[in-house]
Amino acid sequence: MVSRRRMIGAAAATAGGVLLMRTTLRPAAPAAAPAAAVQDTAPDHTHPGADAPDPGPDTGPALVEKFTTTLPVPPVLSPVSTDGGADTYAVTMLRSFARIVPGHRTEVLTYNGAFPGPVIRARSGRPVIVRQTNLLDDAVSVHLHGSKVPVASDGGPMNLLGAGATRTYTYPNDQPHASLWFHDHAHHMESEHVYRGLAGTYLLTDETERALPLPSGRYDLPIALRDARFDASGTLVYRMDDPFNRTTILANGRPWPKVEVAARRYRLRLLNSSNLRFFSLRLADGGPITQIGSDGGLLERPHTTDTVDLSPGERADVVIDFSRYPVGSTVVLTNSLPPGPPEHVGQVMRFDITRAAADPSSVPDRLRTLPAPGPAARERTVVLKVEEGTGGAAPRGLIDGRTYDPARVDAAVAFGTSEIWTVVNANTDVPHNFHLHLVQFRVLERNGKAPGPEESGLKDTVRLLPGESVRLHATFDSYRGRYPYHCHLLDHSAMGMMAQMEIA
Ligand code: C2O
Ligand code: CU
Ligand code: CU
């Protein structure tokens with residue numbers, strides 16, 4: 001049981017300067033999967049499969065000709081019941097096979113057999129009840145990322161649903177519209193489970209959003225972006241902390257797909273569902289992208305840019321007007337961030353403008369009004385850091401110098417108050433980000449300055465490049481209980497980079 005660590009470096013120029021990206025760390029020894037209903041307090045944060053033989057380089061780029069697969073529209077789930085003022089869904093988690101790389105069937109973990117997972121459409125004020133049945137071999141936990149839900153339905157890391165078990169999650173949807181997503185959160189296993197497919201989309205809408213003339217229906221596309229690694233037989237390879245080998249880019253589960261679009265406006269709900277990869281997205285011609293929303297729904301005003309940055313777990317709601325491209329032309333969505341060869345990871349997907357179309361949609365100058373962040377009852381600082389193991393010990397993901405301990409409360413929050421959290425990335429060469437459960441917060445400052453327009457709305461996840469800090473304002477007035485906060489680079493949270501607050 002020897003811990004090997006890998007230190008691989010790469011530098012990338014970003015809009016904000018130079019971003020150093022290194023892989024972090026690699027855990028030491030295989031450990032048993034967490035069993036259902038067992039409190040896993042193992043201090044070493046090891047991970048199953050960490051020492052499996054290396055299967056060689058990612059073969060995705062060799063197996064796939066870019067822009068030959070078609071972007072799938074993820075299936076929208078139908079409720080099994082709409083009685084009692086709520087929509088009830090039945091979801092089964094099961095192993096399945098997906099056609100990801102052409103000519104191969106790839107084993108994946110799924111919600112209802114779909115890779116990536118299905119879309120749940122919900123309305124504010126109307127609860128959704130999801131009956132989840134776990135037909136996998138591992139315990140799981142289903143978390144609705146960005147939601148305001150009672151702790152029993154939050155799908156925290158220790159709130160496990162064992163193999164063979166069924167559990168009902170209740171989502172009150174007592175919050176404004178937002179593009180949310182749901183994913184596995186079983187402690188130590190979330191990174192592998194999400195990587196293998198346990199992630200889906202949850203689109204919550206409300207009157208404010210529906211009153212706007214934004215592109216809708218077939219012109220409103222959820223697109224989940226991520227990376228992956230394949231072996232020569234098209235099998236998905238998961239190794240913890242492996243960003244340099246995940247060089248196949250998937251959009252809605254297909255590698256480098258194309259999508260046929262009409263020459264008109266489209267709304268794209270972009271989600272970065274990668275474990276570790278940051279994207280900096282641009283149209284190949286540098287054309288304008290109008291960002292209208294972020295994690296917690298619409299911005300107050302649209303903002304037009306040529307670049308959209310997304311760290312793992314973040315969402316950006318954008319409108320692209322393809323009418324500026326001639327019918328018959330194509331435009332590639334590119335990514336300027338490593339790691340990986342730019343000829344592969346630098347390309348994401350392609351839009352093929354195939355027809356003219358009428359376009360009654362528009363993007364109003366004013367999208368919504370958000371209250372100004374009020375006074376805060378207290379301030380605290382949260383320090384994120386990954387640390388190499390010494391003397392053969394496993395690397396650790398730390399928050400305020402400690403790995404996650406489900407028995408410990410790291411932040412005691414007074415119910416009904418607002419707080420300002422200063423979150424610091426204490427690594428000089430490893431990016432992190434920061435996600436709070438339960439609340440949508442505001443970004444007050446990034447590195448001591450006002451945040452850019454893309455971070456001016458409601459957020460639940462913020463990126464923290466090496467050495468960066470952000471000041472966040474959050475109000476804890478919805479539910480009491482213990483909720484986690486963590487780095488959303490899931491390989492890091494699986495290494496312990498997670499903590500919990502108790503709102504009481
Ligand atoms: Cu998207 Cu605690 O997770
Ligand atoms: Cu979350
Ligand atoms: Cu991290």
Side-chain angles (χ1 to χ4, degrees), residues 19 21-25 45 117 140-149 151 153-159 169 171 175 178-191 193-195 198-202 224 226 240-241 243 271-278 295-296 310-315 382-387 395-400 403-404 406 423-441 458-468 470 474 479 482-501:
L19 161 63
M21 298 259 262
R22 188 190 61 168
T23 70
T24 49
L25 315 146
H45 297 276
V140 298
S141 176
V142 185
H143 171 58
L144 179 57
H145 178 126
S147 68
K148 182 170 110 182
V149 300
V151 75
S153 288
D154 185 51
M158 312 310 297
N159 213 336
Y169 293 85
Y171 305 129
Q175 67 186 98
S179 304
L180 309 180
W181 64 304
F182 55 99
H183 63 79
D184 190 66
H185 217 307
H187 189 32
H188 296 319
M189 296 304 295
E190 72 277 43
S191 58
H193 286 169
V194 172
Y195 181 87
L198 289 180
T201 295
Y202 189 102
R226 57 166 289 183
M240 204 170 177
D241 197 23
L271 157 68
N272 182 354
S273 62
S274 304
N275 282 33
L276 293 167
R277 178 172 293 281
F278 286 53
D295 304 338
L310 284 179
S311 71
E314 283 188 295
R315 286 88 70 208
V382 177
V383 178
L384 308 178
K385 190 166 201 229
V386 283
E387 203 170 79
R396 301 186 305 156
L398 304 173
I399 293 189
D400 297 330
T403 55
Y404 177 64
V423 187
V424 179
N425 178 352
N427 285 105
T428 54
D429 50 3
V430 182
H432 298 294
N433 71 7
F434 185 72
H435 170 52
L436 269 170
H437 282 217
L438 185 66
V439 291
Q440 292 288 338
F441 51 75
L458 295 171
K459 294 284 292 168
D460 55 48
T461 307
V462 278
R463 67 183 187 279
L464 283 149
L465 300 184
E468 284 198 306
V470 289
Y479 296 106
R482 292 185 179 183
Y483 291 85
Y485 52 93
H486 55 92
C487 176
H488 214 287
L489 278 63
L490 292 180
D491 298 39
H492 292 183
S493 59
M495 286 173 202
M497 193 179 267
M498 184 156 57
Q500 67 185 331
M501 56 187 170

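Remember, it's 1-based here, ligands and their atoms both numbered in the order they're listed. Predicted model, so just to flag it, every value in this text is computed and none were measured. We use all heavy atoms of the structure for the numbers below, so side chains are in, but hydrogens, waters and symmetry mates are not.
Annotation: protein N, O or S atoms under 2.8 Å of atom 1 (Cu) of ligand 1 (waters excluded) comprise H145 ND1, H183 NE2, H488 NE2. For the Cu ion (ligand 3), the set of protein N/O/S atoms nearer than 2.8 Å consists of H432 ND1, C487 SG, H492 ND1, ordered by chain and number.
Between H193 and H183, a ring centre-to-centre spacing not shorter than 6.0 Å is recorded. Between W181 and H435, a ring centre-to-centre spacing not shorter than 6.0 Å is recorded.
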Q: May I have the step-by-step check of side chain to side chain contact (heavy atoms under 4.5 Å, CB included) for H432 and V386, ending in yes or no?
A: CA-CA 9 Å; H432 298 294; V386 283; 3.7 Å; yes
(Q) The test is ring-ring contact (aromatic ring centres under 6.0 Å, His included); show your working for H486 and H437 and say whether it passes. (A) CA-CA 9 Å; H486 55 92; H437 282 217; 5.4 Å; yes
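Closest heavy-atom contact between V382 and I399: CG1-CG2, 3.7 Å. Across F441 and V462, no two heavy atoms sit closer than the pair CE1-CG1, 3.8 Å. The heavy-atom pair separating M240 from A494 by the smallest distance is CE-CB, 3.4 Å.
Using a 4.5 Å cut-off on side-chain heavy atoms (C-beta onward), V424 and K385 make no contact.
Listed for the N272 side chain is a donor-acceptor partner under 3.5 Å among the backbone atoms of R277.
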